**Q** 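Handing you a structure now.
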Amino acid sequence: MHKILIIGSEGQIGTELTIGLAKKYGHEKIIASDIKSETAIEAFPVKYYQLDILDGKKLKEIVLEEQVKEVYLLAALLSATAEKNPSFAWELNMQGLFNVLNLAKEGIINKVFWPSSIAVFGPSTPKDATPQQTIMEPTTVYGISKQAGEQWCNYYHKNYGVDVRSIRYPGLISYTSLPGGGTTDYAVDIFYHAKANGEYTSFLEKDTALPMMFMEDAIRATIDLMSAPADTVIHRNSYNIAGFSFTPDKLAQAIKKKLPEFKIDYAPDFRQKIADTWPNSIDDSDARKHWGWNPKFDLEAMVEVMLENVNPNLLFQGQ
Ligand code: NAD
Ligand code: SER
């Protein structure tokens with residue numbers, strides 16, 4: 001029985017992707033792994049390994065032992081954390097990818113998912129409806145690692161026939177686990193603070209528009225892309241996908257409709273400089289055409305679900 005390995009299963013995406021894949025394929029087919037010593041995923045228990053993705057030997061042992069044929073590689077440093085430790089971010093984000101791609105090159109695994117990001121774009125990229133193929137001059141370590149990773153995915157596909165698939169996720173919004181050190185994290189944090197004490201200080205300026213997406217859509221996109229027939233996956237670097245775009249001000253207004261007392265103020269920090277280099281909105285027409293991508297959540301639907309479900313205790317546990 002072929003199995004699926006998730007690397008970075010304890011993160012913002014991993015916790016929900018693990019459950020999504022377990023629901024689709026059965027929990028016995030899913031192996032979760034992360035550098036953390038144990039899993040916090042309780043809803044759908046799956047087999048769990050502690051794994052540092054930089055340990056290629058242990059990765060290979062797990063893959064062979066468990067007969068893994070498909071890998072979702074989520075372990076990485078995100079944009080804000082990466083700027084604080086550029087050389088380690090480069091090592092983790094690139095070597096982790098090579099460790100997985102090389103297993104596919106050797107024919108040990110058949111299929112790889114690796115996430116890219118809107119961070120591949122930079123200040124010289126058209127900001128509105130950013131096209132699939134355009135100028136890409138990222139100015140962050142994270143963006144450089146994602147852009148290089150995209151090119152390596154394409155290279156391994158073209159030269160070694162590796163079936164690797166990728167999505168340029170926008171900022172992802174979810175309530176089951178906290179975000180892991182990105183520039184778009186404010187759009188998650190705001191809900192915890194709104195519910196806990198009715199106010200929030202945004203680390204981005206009020207009018208900074210960024211592309212965002214509700215996690216349920218992102219998980220569906222990931223599983224749909226990975227299940228699509230190989231010949232429909234034309235772009236082997238990565239696909240643009242879009243949900244909706246908003247500014248901190250627009251998000252605050254949407255929250256106020258539900259919580260009229262909610263207050264926001266602004267204290268931009270180093271993450272503003274990162275956000276200023278990213279697109280306002282994304283053109284995802286190729287993903288729609290090639291493998292049928294279609295988002296379900298808009299801003300209002302996302303705000304409603306978030307306010308219903310965020311548990312402020314999670315925020316304070318993490319402090
Ligand atoms: P996260 O930081 O929440 O989770 C990453 C997980 O990887 C964590 O559980 C962490 O413990 C684990 N990890 C860290 N180092 C590891 C190592 N050496 N070996 C094994 N595991 C390790 O990140 P996320 O938001 O879930 O993002 C997952 C992927 O998606 C990343 O590649 C990220 O760049 C990409 N992405 C995320 C977003 C977003 O908004 N969340 C947007 C675009 C792209
Ligand atoms: N949400 C991610 C970040 O801000 C985008 O890749 O780093």
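For ligands, and for the atoms within them, numbers begin at 1 and follow the listed sequence. For reference, positions follow the sequence shown, starting with 1. On a predicted model such as this, the values are computed, not experimentally measured, just so you know.
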**Q** State whether the shortest distance between N or O atoms of W278 and N or O atoms of ligand 2 falls below 3.5 angstrom.
**A** no
**Q** Closest by any non-hydrogen atom to atom 19 (N) of ligand 1: pick that one out of N99, N93, I53, T81.
**A** I53
**Q** Between F203 and Y186, how do the two ring planes meet: parallel, tilted or perpendicular, split at 30° and 60°?
**A** perpendicular
**Q** Considering non-hydrogen atoms of the protein only, which is the closest contact for atom 41 (N) of ligand 1, and what is the distance?
**A** Q12 OE1, 2.9 Å
**Q** Tell me which one of S177, S116, A119 gets a heavy atom nearest to atom 44 (C) of ligand 1.
**A** S116
**Q** Checking a contact table here: which protein heavy atom is nearest atom 1 (N) of ligand 2, and how many Å away?
**A** T184 OG1, 2.7 Å
**Q** Can you tell me the protein heavy atom closest to atom 23 (O) of ligand 1 and the distance?
**A** L78 CD1, 3.3 Å
**Q** For T183, take its heavy atoms, then give the atoms of ligand 2 lying under 4.0 Å from any of them.
**A** 3 (C), 4 (O), 7 (O)
**Q** Could you tell me which atoms of ligand 1, counted from 1 in the order shown, lie closer than 4.0 angstrom to a heavy atom of E10?
**A** 9 (O)
**Q** Any non-hydrogen atom of L54 lying under 4.0 Å from ligand 1?
**A** no
**Q** Please identify which atoms of ligand 1 are closer than 4.0 Å to at least one heavy atom of D52.
**A** 17 (C), 18 (N), 19 (N)
**Q** Just to confirm my output: which protein heavy-atom neighbour is closest to atom 20 (C) of ligand 1, and how far is it?
**A** L51 O, 3.1 Å
**Q** Could you list the atoms of ligand 2 found under 4.0 angstrom from a heavy atom of S117?
**A** 5 (C), 6 (O)
**Q** Does ligand 1 have a heavy atom under 4.0 Å from the side chain of L92, from its backbone, from both, or from neither?
**A** side chain
**Q** Counting N and O atoms only, with roles assigned by atom type, does the side chain of R165 sit under 3.5 Å from a partner on the main chain of L225, one being a donor and the other an acceptor?
**A** yes
**Q** Could you grab the distance from atom CD1 of I6 to atom CG of L21, nearest 0.5 Å is fine?
**A** 5.0 Å
**Q** Do we see a donor-acceptor contact under 3.5 Å between the side chains of E10 and T39?
**A** yes
**Q** At a 4.0 Å threshold, what atoms of ligand 1 neighbour a non-hydrogen atom of P115?
**A** 29 (C), 30 (O), 32 (O), 35 (C)
**Q** Examine W291 together with Y239 and report whether their ring centres are nearer than 6.0 Å.
**A** yes
**Q** Using a plain distance cutoff, I'd like to know if D185 has any nitrogen or oxygen under 3.5 Å from a nitrogen or oxygen of ligand 2.
**A** no
**Q** To which protein heavy atom is atom 10 (C) of ligand 1 closest, and what is the distance rounded to 0.1 Å?
**A** D34 OD1, 3.5 Å
**Q** Check for a donor-acceptor pair, side chain of K195 on one end and backbone N or O of L307 on the other, with a separation under 3.5 Å.
**A** yes
**Q** Specify the protein heavy atom at minimum distance from atom 40 (O) of ligand 1: its residue, its atom name, and the distance to 0.1 Å.
**A** L172 N, 2.9 Å
**Q** Give every donor-acceptor pair under 3.5 Å between a side-chain atom in residues 80-92 and any protein atom, sequence neighbours left out.
**A**
residue : atom : partner : partner atom : Å
T81     : OG1  : G181    : O            : 3.3
E83     : OE2  : V141    : N            : 2.8

**Q** To the nearest 0.5 Å, tell me how far C153 SG sits from K146 NZ.
**A** 9.5 Å
**Q** Is Q147 reaching over with its side chain to a backbone N or O of E137, donor-acceptor style, under 3.5 angstrom?
**A** no
**Q** List the closest protein heavy-atom neighbour of atom 4 (O) of ligand 1: residue, atom name, distance to the nearest 0.1 Å.
**A** G11 CA, 3.2 Å
**Q** Closer than 4.0 Å to some heavy atom of K146 - which atoms of ligand 1 meet that?
**A** 31 (C), 32 (O), 33 (C), 34 (O)
**Q** Quick test of your reading of the model: are D217 and R220 salt-bridged, counting only N-O distances below 4.0 Å?
**A** yes
**Q** Nearest non-hydrogen atom to atom 42 (C) of ligand 1 belongs to which of G182, P170, S33?
**A** P170
**Q** What are the atoms of ligand 1, with element, lying closer than 4.0 Å to any heavy atom of G171?
**A** 40 (O)
**Q** May I ask you to check whether over 12 heavy atoms, not counting those of K206, lie within 6.0 Å of atom NZ?
**A** no
**Q** Among all protein heavy atoms, pick out the one at the shortest distance from atom 2 (O) of ligand 1; state its residue, atom name and that distance to 0.1 Å.
**A** G180 CA, 3.5 Å
**Q** Does NZ belonging to K158 count more than 12 external heavy atoms closer than 6.0 Å?
**A** yes
**Q** Considering the heavy atoms of A76, write down every atom of ligand 1 situated less than 4.0 Å from one of them.
**A** 31 (C), 32 (O)
**Q** Could you tell me which atoms of ligand 1, counted from 1 in the order shown, lie closer than 4.0 angstrom to a heavy atom of S117?
**A** 43 (C), 44 (C)
**Q** To the nearest 0.5 Å, what is the distance between CE (M302) and CG (D298)?
**A** 9.0 Å
**Q** Below 3.5 angstrom, do we get any N/O pair linking P179 and ligand 1?
**A** no
**Q** Count the heavy atoms of every other residue, nucleotide or ligand shown that sit under 6.0 Å from NE2 of H290, and state whether that count exceeds 12.
**A** yes
**Q** Between ligand 1 and R168, can you find any atom pair, the residue atom being a heavy atom, that is separated by under 4.0 Å?
**A** no
**Q** Considering non-hydrogen atoms of the protein only, which is the closest contact for atom 27 (O) of ligand 1, and what is the distance?
**A** I13 CD1, 3.7 Å
**Q** Heavy atom of Y142 under 4.0 Å from ligand 1?
**A** yes
**Q** Without hydrogens or angle criteria, can the side chains of Q50 and S33 be said to hold a donor-acceptor pair below 3.5 Å?
**A** no
**Q** Using the six-membered ring wherever Trp is involved, compare the ring planes of Y72 and F113 and label them parallel, tilted or perpendicular (cut-offs 30° and 60°).
**A** tilted
**Q** Of all the non-hydrogen atoms in the protein, which one sits nearest to atom 7 (O) of ligand 2, and at what distance?
**A** S79 OG, 2.6 Å
**Q** Side chains of D265 and Y200: closer than 4.5 Å at any heavy-atom pair?
**A** no
**Q** Are the ring centres of W278 and F121 closer than 6.0 Å?
**A** no
**Q** List ligand 1 atoms under 4.0 Å from A75, heavy atoms only on the residue side.
**A** 7 (O), 13 (N), 16 (C), 20 (C), 21 (N), 22 (C)
**Q** Would you check whether Y169 has a nitrogen or oxygen atom less than 3.5 angstrom from a nitrogen or oxygen atom of ligand 2?
**A** no
